[in-house]
Amino acid sequence: MKNQFFRLTIATPDGRFVARYSAKGLAELDFPNSEALVAPKRSEGGAAERASPRAAEANGIPAKIRAWHRATESALKNILAGTEPRNFPPLDPSGTVFQQAVWREMRKIPFGRTKSYGEVAQAIDRPKAVRAVGGACGANPIPILVPCHRVLAAHGKIGGFGGGLGWKRKLLTREGVIL
DNA sequence: CATCAAAAACTCC
DNA sequence: GGAGTTTTTGATG
């Protein structure tokens with residue numbers, strides 16, 4: 001795929017996240033530390049890495065993307081602060097049909113609530129695919145905004161988390177979830 | 001390109 | 001603790 005992704009960063013009290021945008025919306029979000037990349041000097045709100053050949057659009061970032069990024073930043077910071085975000089950017093994660101179904105289902109989990117892998121599996125009409133649901137969660141390219149951290153194992157166990165279990169615990173605690 | 005085998009953020013007995 | 005299910009991914013022919 002000839003991704004002409006736009007990569008921007010979001011500075012939070014928990015580190016700097018990296019967001020990538022496709023032409024349709026937010027495609028990926030990475031935790032801090034997951035990738036060591038050099039700070040682009042002094043750009044604060046974010047910097048485009050792959051600007052188009054022509055600097056037709058200001059700073060190489062279309063207004064559309066900047067608007068999405070603003071929503072992403074706001075939503076992310078809200079969740080990190082333990083408050084419910086109001087507006088989301090459009091999401092465009094790439095994955096198999098099954099994975100998209102799982103992610104879509106996860107997005108329906110209300111703020112501060114949790115579901116088990118089994119419940120998600122039932123919701124997408126594959127009650128026995130609980131193991132596969134776990135796999136789809138791990139493949140989620142947009143953590144936090146797609147609340148994979150709100151999915152726990154059965155019997156209140158925490159399960160796992162791609163970006164490190166520490167994150168999962170912290171996020172749940174801030175949302176007021178009691179394990 | 002078609003098939004096989006192994007692994008995974010699970011669940012239930 | 002062990003077996004059962006489903007999907008994804010990488011190796012094999």
Side-chain angles (χ1 to χ4, degrees), chain A residues 1-5 7 9-10 12-37 71-73 75-85 88-179:
Chain A
M1 302 194 252
K2 51 220 170 223
N3 319 346
Q4 188 66 1
F5 281 90
R7 179 181 147 286
T9 60
I10 301 175
T12 74
D14 293 292
R16 205 174 63 185
F17 288 74
V18 179
R20 294 190 191 77
Y21 296 87
S22 74
K24 294 193 208 154
L26 176 62
E28 278 180 50
L29 184 65
D30 284 350
F31 284 102
N33 266 4
S34 68
E35 210 168 309
L37 27 93
T72 302
E73 181 171 6
L76 178 60
K77 285 184 175 173
N78 271 309
I79 294 180
L80 289 176
T83 59
E84 179 160 11
F88 282 77
L91 305 181
D92 180 36
S94 63
T96 66
V97 172
F98 177 80
Q99 288 169 340
Q100 305 228 17
V102 172
W103 300 334
R104 196 167 50 241
E105 192 59 36
M106 287 194 297
R107 268 194 344 232
K108 288 169 29 182
I109 305 177
F111 184 87
R113 301 276 286 291
T114 66
K115 249 183 174 183
S116 74
Y117 293 97
E119 284 175 306
V120 174
Q122 283 187 33
I124 60 174
D125 222 31
R126 275 163 179 69
K128 291 175 194 148
V130 289
R131 204 77 160 71
V133 167
C137 292
N140 171 23
I142 315 176
I144 303 186
L145 260 56
V146 174
C148 45
H149 59 280
R150 292 185 200 140
V151 184
L152 305 181
H155 216 64
K157 278 179 290 212
I158 186 147
F161 197 66
L165 270 176
W167 275 107
K168 188 168 184 177
R169 281 178 183 278
K170 200 189 308 190
L171 289 166
L172 288 171
T173 303
R174 288 181 187 176
E175 290 193 15
V177 175
I178 299 154
L179 307 174

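In what follows, every chain begins at residue 1, and chains take the letters A, B, ... in the order their sequences are listed.
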d(CD, A:Gln122; P, C:dT6) in whole Å | 14 Å
Would you call A:Glu175 and A:Arg150 a salt bridge, taking side-chain N to carboxylate O under 4.0 Å as the test?
-> yes
Contact class for A:Ala129 vs. all strands (heavy atom < 4.0 Å): base, sugar-phosphate, or nothing?
-> sugar-phosphate
Using Watson-Crick or G-U wobble geometry with both distances below 3.5 Å, tell me the partner of B:dC13, or none.
-> C:dG1
Go through C:dT7, B:dT11, B:dA9 for me and flag the one nearest to the A:Val130 side chain.
-> B:dT11
5'-most contact on DNA chain C: A:Gln99 or A:Lys128, nearest heavy atom basis?
-> A:Lys128
Of all the nucleotides listed (C:dT7, B:dA9, B:dC12), which has the minimum atom distance to the side chain of A:Tyr117?
-> B:dA9
Give one of base, sugar-phosphate or nothing for A:Gly159, where a contact means two heavy atoms less than 4.0 Å apart.
-> nothing
Would A:Trp167 and A:Phe31 count as a close aromatic pair, with their ring centres under 6.0 Å?
-> yes
Could you give the CZ-to-P distance, from A:Arg131 to C:dT6, as a whole number of Å?
-> 13 Å
Quickly work out the A:Trp103 CH2 to C:dT7 P distance and round it to whole Å.
-> 15 Å
A:Ile158 CD1 to B:dC10 C1', straight-line distance once rounded to whole Å = 15 Å
Interatomic distance, A:Phe98 CZ vs B:dA9 P [rounded to whole Å] | 14 Å
Protein-nucleotide distance (A:Lys115, atom NZ; B:dC10, atom P), rounded to Å | 18 Å
Taking NZ from A:Lys157 and C1' from B:dT11, how many angstroms apart are they, rounded to a whole number?
-> 8 Å
Reported CD1-to-CG distance for the pair A:Ile142 and A:Leu76, which is rounded to 0.5 angstrom | 12.0 Å
Can you check the A:Asn140 CG to B:dA9 P distance for me, whole Å?
-> 13 Å
Charged N to carboxylate O below 4.0 Å: is that the case for A:Lys115 and A:Glu105?
-> yes
Electrostatic pair A:Arg174:A:Asp14 at N-O distance under 4.0 angstrom | yes
With heavy atoms under 4.0 Å as the rule, sort A:Gly138 into base, sugar-phosphate or nothing.
-> base
